[in-house]
Number of protein chains: 2
Amino acid sequence: MSVVETPRARYRQVAEELRNAIKRGEYQPGEMLPSQPELARKYGLNQTSINRAIALLRAEGLVRVEHGRGAFVQLVPTVKRTRRVPRPGGNGSSFADEMRKAGLDPRTELVSLRTDPAPVGVAERLGLDEGGPVVVRERHMFASERPVQLAISYIPLTVAGSEDIAVPDVGPTGLYKRLAERGYVVTRFVEEIESRRAHPNEAGFLGLTDAQQVLEVARVVFAGEQPVETVVNVFPAQQWRLSYEWNAEGAGLT
Amino acid sequence: MSVVETPRARYRQVAEELRNAIKRGEYQPGEMLPSQPELARKYGLNQTSINRAIALLRAEGLVRVEHGRGAFVQLVPTVKRTRRVPRPGGNGSSFADEMRKAGLDPRTELVSLRTDPAPVGVAERLGLDEGGPVVVRERHMFASERPVQLAISYIPLTVAGSEDIAVPDVGPTGLYKRLAERGYVVTRFVEEIESRRAHPNEAGFLGLTDAQQVLEVARVVFAGEQPVETVVNVFPAQQWRLSYEWNAEGAGLT
DNA sequence: TAGTGGTCTAGACCACTGC
DNA sequence: CAGTGGTCTAGACCACTAA
């Protein structure tokens with residue numbers, strides 16, 4: 001009934017040793033691990049077993065493998081994302097601000113801006129009929145030129161008026177100001193966090209194996225009872241820490 | 001440079017087919033998959049390859065393998081955990097309440113109540129010197145007798161006075177009331193969410209492979225500037241959705 | 001005991017990279 | 001081209017479960 005893996009398996013031991021060597025700094029970030037045949041010789045194992053060991057490290061995000069080149073120690077800068085309620089001073093928590101605070105150089109790339117029929121989940125969150133028109137804004141985010149985040153925003157066309165609501169590219173504050181001008185004053189946020197495997201296209205952009213996990217944060221923005229926007233953010237799970245802060249008001253928690 | 005796995009590998013295809021069969025309900029939750037030799041025959045593959053395919057499904061949490069018995073389709077009831085700010089009415093979001101709302105039968109088991117020196121991370125969050133005495137309360141949570149969550153609470157002994165602060169076993173509301181009686185009125189919460197591999201002991205209790213991910217939610221509870229409690233919650237990542245809600249106050253987000 | 005899953009080998013072949 | 005990683009086989013042996 002015990003589901004815990006006995007760590008006696010040789011390939012697990014190898015993974016363990018490599019893991020420790022990396023943590024001790026014997027292999028530096030960016031550096032290449034010894035090749036699989038070489039490790040096989042060193043540990044007296046078959047290449048197949050070595051391959052298995054390295055698969056573990058890949059799934060953990062500790063190592064990044066480039067086919068035909070080698071296995072490289074992954075630099076894993078943990079990034080933090082904070083939501084404060086109420087906000088201490090104005091719009092303190094945009095992506096760009098947080099990256100700069102962490103000493104990283106932020107860049108956002110607008111991948112696509114279009115009007116599309118709403119996919120199922122989105123329609124549901126926005127209270128639309130499936131296929132109802134939504135303005136879709138898709139962005140890729142980089143920190144010091146490393147891809148770190150992916151965001152897709154959906155706004156019902158009836159709320160947005162037109163795609164121009166997001167042109168020229170605006171930060172969220174700008175967007176919500178424009179929504180307010182159209183009579184939709186933002187009053188409430190809901191964020192749902194989910195952990196799942198990366199989709200192939202996400203894995204491609206974020207440089208992950210499809211065995212790796214991402215955090216999906218789906219936010220719905222309300223103006224009164226009316227959902228006016230939903231944003232799906234996708235983060236490599238190993239590289240982020242999400243943080244929420246709020247004040248007590250007769251609180252009780254578990 | 002493409003890091004996306006080509007899905008041509010036979011073992012990936014097998015995993016894909018089994019995944020679909022499970023989603024179509026061809027294999028029901030709790031049911032056993034065909035044995036590995038049998039699948040090997042069916043797909044014209046070696047058992048080794050089948051084993052690899054099933055390893056993928058394990059890591060996804062879709063299948064639970066019991067050594068010597070077989071591979072069983074895992075029931076994955078997604079559970080939701082919500083934090084509302086401000087709370088709509090009193091203490092609406094305890095573990096027990098949320099489980100009942102989801103139609104599940106909650107049970108909490110007090111595993112251990114003791115006074116210990118504070119571990120590094122805990123001391124840091126509580127603003128203590130490492131090793132400073134803390135009251136440790138460790139709980140296991142079940143939903144309809146399935147282990148679903150794990151919680152360890154740490155309170156500085158100077159704040160708690162004694163272990164009795166948590167005896168008889170109290171819900172959080174009760175705990176915070178007792179803290180208030182001791183002059184610590186809770187005013188602020190911070191929660192940090194992190195995704196990581198399960199530790200062996202966690203994997204044991206939660207019934208996971210150590211390849212599977214958990215969500216760790218570390219909460220710090222403040223009375224003014226004084227941290228009075230920190231709680232570490234651990235959830236099987238695949239089985240939970242975390243949710244946060246708050247009101248806008250001149251908001252701006254990314 | 002027979003049936004289940006987990007590991008390992010020795011060797012093969014393929015795919016990709018970079019010279 | 002040589003060197004890298006990825007997949008697959010045929011067969012072996014081990015560990016665990018249930019009868």
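Residue numbers start from 1 in every chain, and the chains themselves are labelled A, B, ... in the order their sequence lines are given, proteins ahead of strands. Because the structure is predicted, anything quoted here is derived from the model rather than measured.
Of the charged side-chain nitrogens involved, at least one lies within less than 4.0 Å of a carboxylate oxygen, so that A/Arg196 and A/Glu216 count as a salt-bridged pair. With respect to A/Glu60 and A/Lys23, no salt bridge is recorded, no charged nitrogen being found less than 4.0 Å from a carboxylate O. Ionic pairing of A/Arg19 and A/Glu16 is present here: one or more N-O contacts between side-chain nitrogen and carboxylate oxygen are shorter than 4.0 angstrom.
Annotation: of the two residues near DNA chain C, A/Gly44 and B/Gly70, the 5′-most nearest-nucleotide partner is B/Gly70. Judged by closest nucleotide on DNA chain D, A/Pro37 is the one of A/Pro37 and B/Arg69 placed further toward the 5' end.
Here the side chains of B/Val135 and B/Leu113 are in contact, with some heavy-atom distance below 4.5 Å.
Phosphate contact (OP1/OP2 of D/dG3, side-chain N/O of A/Ser35, threshold under 4.0 Å): absent. Residue B/Tyr11 places at least one side-chain N or O under 4.0 Å from the OP1 or OP2 atom of D/dT7. Proximity of B/Gln36 to the phosphate of C/dG6: a side-chain N or O atom is located under 4.0 Å from OP1 or OP2. OP1 and OP2 of C/dT7 both lie 4.0 Å or more from every side-chain N or O belonging to A/Ser49. Neither OP1 nor OP2 of D/dG5 sits under 4.0 Å from any side-chain N or O of A/Asn51.
As rounded to whole Å, 17 Å separates atom P of D/dT4 from atom CZ of A/Arg58. Spacing between atom CZ of A/Arg10 and atom P of C/dT7 amounts to 13 Å, rounded to whole angstrom units. If you take CZ of A/Arg64 and P of D/dG5, they are 15 Å apart, rounded to a whole angstrom. We find that CD1 of B/Ile50 is positioned 13 Å from C1' of C/dG5, with the value rounded to whole Å. In this structure, CE of B/Met32 is placed 12 Å from C1' of D/dA18, rounded to the nearest angstrom.
Taking the six-membered ring for Trp, A/Tyr11 and A/Tyr43 have ring centres at least 6.0 Å apart.
Closest to the side chain of A/Val65, out of D/dT9, D/dG5, C/dT7, is D/dG5. Here the nucleotide nearest the side chain of B/His67, chosen from C/dT7, D/dA15, C/dC8, is D/dA15.
Listed by first then second residue, pairs satisfying salt bridge (Lys or Arg N to Asp or Glu O under 4.0 Å) with a partner in residues 115-125 of chain A read A/Arg114-A/Asp116, not counting sequence neighbours.
Side chain of B/Glu192 to backbone of A/Arg241: no donor-acceptor contact under 3.5 angstrom is found.
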Please tabulate, one pair per line, each protein N/O and nucleotide N/O from nucleotides 11-13 of chain D that are separated by under 3.5 Å, including the distance.
unit_1: D/dG11; atom_1: O6; unit_2: B/Thr48; atom_2: OG1; d: 3.4

